[in-house]
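Taking it in order: structure first as structure tokens, then the write-up.
Values reported hereafter were calculated over all heavy atoms of this structure, with side chains retained and with hydrogens, waters and symmetry mates removed. Keep in mind that what you see is a predicted model, and the values were worked out from it rather than measured. Both ligands and their constituent atoms are indexed starting at 1 by order of listing.
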Amino acid sequence: MKRKIAVIGAGVIGLTAALKIQKEYGENIVVTIYTADKSPNTTGDVAAGLWAPHLVQDTPEDKILKWAKETQDFFWKLWKDGYALDAGISLQPVVNLLCDDTSIPKWSTIAIGCNEIKGKELERFKNDHKIPYTGGFTFTSFTCESTKFLPFLENIFINNGGQIKIKKIENFSQLKDYDVIINCTGIYSKILMSDNSVKAIRGQILRVEASWQFHTVIDDSDDGCYIIPNANCVILGGTHQLDDEDTKPRIEDATRIIKGCKQMIPSLHEAKVLRHQAGLRPGRDQIRLELTTINLGNKLVPVIHNYGHGGSGVTLCYGCAGEVVDLVKIALTKSKL
Ligand SMILES: Cc1cc2nc3c(=O)[nH]c(=O)nc-3n(C[C@H](O)[C@H](O)[C@H](O)COP(=O)(O)OP(=O)(O)OC[C@H]3O[C@@H](n4cnc5c(N)ncnc54)[C@H](O)[C@@H]3O)c2cc1C
Ligand SMILES: *[C@@H]1O[C@H](CO)[C@@H](O)[C@H](O)[C@H]1NC(C)=O
Ligand SMILES: *[C@@H]1O[C@H](CO)[C@@H](O)[C@H](O)[C@H]1NC(C)=O
Ligand SMILES: *[C@@H]1O[C@H](CO)[C@@H](O)[C@H](O)[C@H]1NC(C)=O
């Protein structure tokens with residue numbers, strides 16, 4: 001008999017996990033996704049989708065590096081195989097500026113073509129932006145647009161024989177017939193299921209028309225702004241308001257973002273605003289990626305948790321999916337005994 005796996009959530013985390021399981025097990029397993037919402041209504045659909053680990057709190061650095069590298073390789077493969085348009089993937093230069101003597105993060109060692117910004121070049125950015133930067137680095141990175149990437153993954157998943165059911169899971173006993181349950185509920189794990197270790201990190205952005213802007217600029221200071229081009233728009237951000245669950249865009253945030261971005265790239269005063277958006281990053285002290293079991297009607301069912309990716313869900317998705325596959329193997333081996 002085929003083994004049955006249920007994935008809860010069709011955000012970037014749930015979809016990549018579901019696909020990776022299919023890829024590993026092929027015909028031997030049936031994967032069903034249960035989700036309350038799908039693209040274009042997930043958290044990732046608000047994101048700028050830049051590959052760059054960000055707001056991951058105390059998740060161990062070696063894990064971040066591993067998961068980020070595997071995801072970068074995945075984007076690279078899609079890019080190389082000719083799926084840039086379909087999957088919404090672009091490759092572009094990034095200028096990441098630092099304030100308050102913040103050091104260059106460890107993950108820069110796996111970023112493509114990373115160089116430190118110093119000396120005259122740093123002075124130029126300080127003068128141009130009128131911001132007292134203390135350092136910075138440049139690299140080349142992928143942006144991955146969820147509004148294209150998620151439907152792209154959904155199609156592959158369905159072509160592989162997977163099913164997506166639009167259904168909010170209120171009680172896990174609804175899934176008691178499955179051999180393994182994968183919990184990829186993002187911030188909703190807090191709102192719908194009261195995991196109080198998950199805290200919203202609210203992010204507000206604007207999507208603007210600025211066809212001349214071809215590179216990302218990030219001011220990494222506390223209330224710094226960022227400019228990230230996607231294929232058909234440019235994202236201006238942002239905010240990271242802890243424990244704030246308001247998904248309505250606010251005028252005061254938008255005003256601050258526009259002012260900060262124009263200070264860095266003055267020509268943005270010409271940019272037409274297409275859309276204001278706010279989303280909730282699933283913040284947690286650490287990403288939760290572990291195997292547990294739950295008792296559902298006298299049956300112990302393995303549950304793999306995969307949530308709390310903060311500001312890096314896109315950056316880490318494929319690496320985390322690989323770890324889910326490892327845990328599925330352990331779960332299925334145990335349940336056979
Ligand atoms: C403004 C902003 C900018 C960002 N920029 C970046 C960036 O540049 N790079 C980057 O890597 N990350 C970025 N992020 C973070 C990234 O978007 C998130 O980390 C990521 O989207 C989280 O994905 P997820 O699948 O865990 O959650 P979600 O996308 O929230 O998906 C959760 C899914 O679970 C479903 N669900 C929840 N509860 C239930 C239930 N009870 N029953 C059924 N279904 C349920 C939901 O319907 C949804 O489909 C940004 C986020 C924001 C808000
Ligand atoms: C997304 O949300 C909008 C507005 O609530 C809704 O009309 C639409 O059906 C949703 N789309 C999906 C795919 O869930
Ligand atoms: C979930 O459903 C089971 C079985 O129907 C029930 O015993 C349990 O109380 C329910 N749990 C919650 C939190 O509603
Ligand atoms: C799924 O994750 C949420 C959030 O942490 C948690 O409350 C819920 O109990 C988990 N589900 C199971 C079956 O363990």
Indicate yes or no: does an N/O atom of [X] lie under 3.5 Å from an N/O atom of ligand 1?
{"X": "Thr43", "answer": "yes"}
{"X": "Ile205", "answer": "no"}
{"X": "Gly279", "answer": "no"}
{"X": "Lys38", "answer": "no"}
{"X": "Thr35", "answer": "yes"}
{"X": "Ile228", "answer": "no"}
{"X": "Val46", "answer": "no"}
{"X": "Ile187", "answer": "no"}

Heavy-atom nearest option to [atom], drawn from [options]:
{"atom": "atom 17 (O) of ligand 1", "options": "Ala47, Gly283, Gly311, Cys317", "value": "Ala47"}
{"atom": "atom 18 (C) of ligand 1", "options": "Gly237, Ser312, Gly310, Ala36", "value": "Gly310"}
{"atom": "atom 22 (C) of ligand 1", "options": "Gly186, Gly11, Pro282", "value": "Pro282"}

Exercise. Got the residues with a heavy atom under 4.0 Å of ligand 2, by chain and number?
Worked result: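 Heavy-atom contacts below 4.0 Å: Asp37, Lys38, Ser39, Asn41.
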Problem set entry | Ile258 reachable from Ile205 in the ILVMFWY side-chain graph, under 4.5 Å edges |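 No, separate clusters.
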By number and element, which atoms of ligand 1 are closer than 4.0 Å to a non-hydrogen atom of [X]?
{"X": "Asp37", "result": "47 (O), 48 (C), 49 (O)"}
{"X": "Val12", "result": "23 (O), 25 (O)"}
{"X": "Ala10", "result": "33 (C), 49 (O)"}
{"X": "Ile169", "result": "40 (C), 41 (N), 42 (N), 43 (C)"}
{"X": "Gly203", "result": "1 (C)"}
{"X": "Cys184", "result": "32 (C), 33 (C), 34 (O)"}
{"X": "Ile13", "result": "23 (O), 24 (P), 25 (O), 26 (O)"}
{"X": "Thr315", "result": "9 (N), 10 (C), 11 (O)"}

Main-chain N/O of [Y] paired with [X] side-chain donor or acceptor, under 3.5 Å:
{"X": "Thr293", "Y": "Leu300", "value": "no"}
{"X": "Arg250", "Y": "Glu252", "value": "no"}
{"X": "Gln72", "Y": "Ala111", "value": "no"}

Problem set entry | Lys/Arg-Asp/Glu bridge criterion (N-O < 4.0 Å) met for Arg288, Glu290 |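 Yes, charged N to carboxylate O under 4.0 Å.
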Exercise. Is the shortest distance from a Lys or Arg side-chain nitrogen in Asp253 or Arg202 to a carboxylate oxygen in the other one below 4.0 Å?
Worked result: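 Looking at Asp253 and Arg202, the cut-off is met.
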Problem set entry | Point-to-point distance, once rounded to the nearest 0.5 Å, from CG of Leu289 to CD1 of Ile13 |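 Taking CG in Leu289 and CD1 in Ile13, the distance rounds to 9.0 Å.
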Problem set entry | Rounded distance [0.5 Å steps], CG in Leu78 versus CG in Asp73 |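 Interatomic distance, Leu78 CG to Asp73 CG, rounded to 0.5 Å: 11.0 Å.
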For this session: Considering non-hydrogen atoms only, spot the tightest contact between Lys23 and Tyr318 and give its length.
Result: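 Taking every non-hydrogen atom into account, NZ-OH, 3.7 Å.
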Exercise. What heavy-atom pair brings Val7 and Gly14 nearest, and what distance separates the two atoms?
Worked result: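 Closest approach of Val7 to Gly14: CG1-O, 3.7 Å.
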For this session: Assess whether ring-ring contact (aromatic ring centres under 6.0 Å, His included) is satisfied between Phe149 and Phe75, documenting all intermediate values.
Result: CA-CA 10 Å; Phe149 187 55; Phe75 293 155; 5.8 Å; yes
Non-hydrogen atom of [X] closer than 4.0 Å to ligand 1:
{"X": "Lys167", "answer": "yes"}
{"X": "Arg281", "answer": "yes"}
{"X": "Gly238", "answer": "no"}

Exercise. Taking atom types as modelled and ignoring hydrogens, do the side chains of Asp45 and Ser146 form a donor-acceptor contact shorter than 3.5 angstrom?
Worked result: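 Checked: Asp45/Ser146 side chains show no N/O donor-acceptor pair below 3.5 Å.
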Problem set entry | Ring-ring centroid check Trp51 Phe74, cutoff 6.0 Å |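 Centroid separation for Trp51 and Phe74: 6.0 Å or greater.
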For this session: For Glu323, enumerate each residue passing the salt bridge (Lys or Arg N to Asp or Glu O under 4.0 Å) test, keeping only those at least two apart in sequence or located in another chain.
Result: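 Not a single residue meets the salt bridge (Lys or Arg N to Asp or Glu O under 4.0 Å) criterion with Glu323.
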For this session: Answer yes or no for Lys4 and Tyr178: cation-pi contact, defined as NZ/CZ to six-membered ring centre under 6.0 Å and angle to ring axis within 45°.
Result: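 Ring-cation test returns yes.
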Problem set entry | Stepwise ring-ring contact (aromatic ring centres under 6.0 Å, His included) test for Trp107 and Phe137 | CA-CA 12 Å; Trp107 59 258; Phe137 55 110; 5.7 Å; yes
Problem set entry | Test item: Val180 and Ile182 side chains (from C-beta on) under 4.5 Å apart, heavy atoms |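 Side-chain contact under 4.5 Å: yes.
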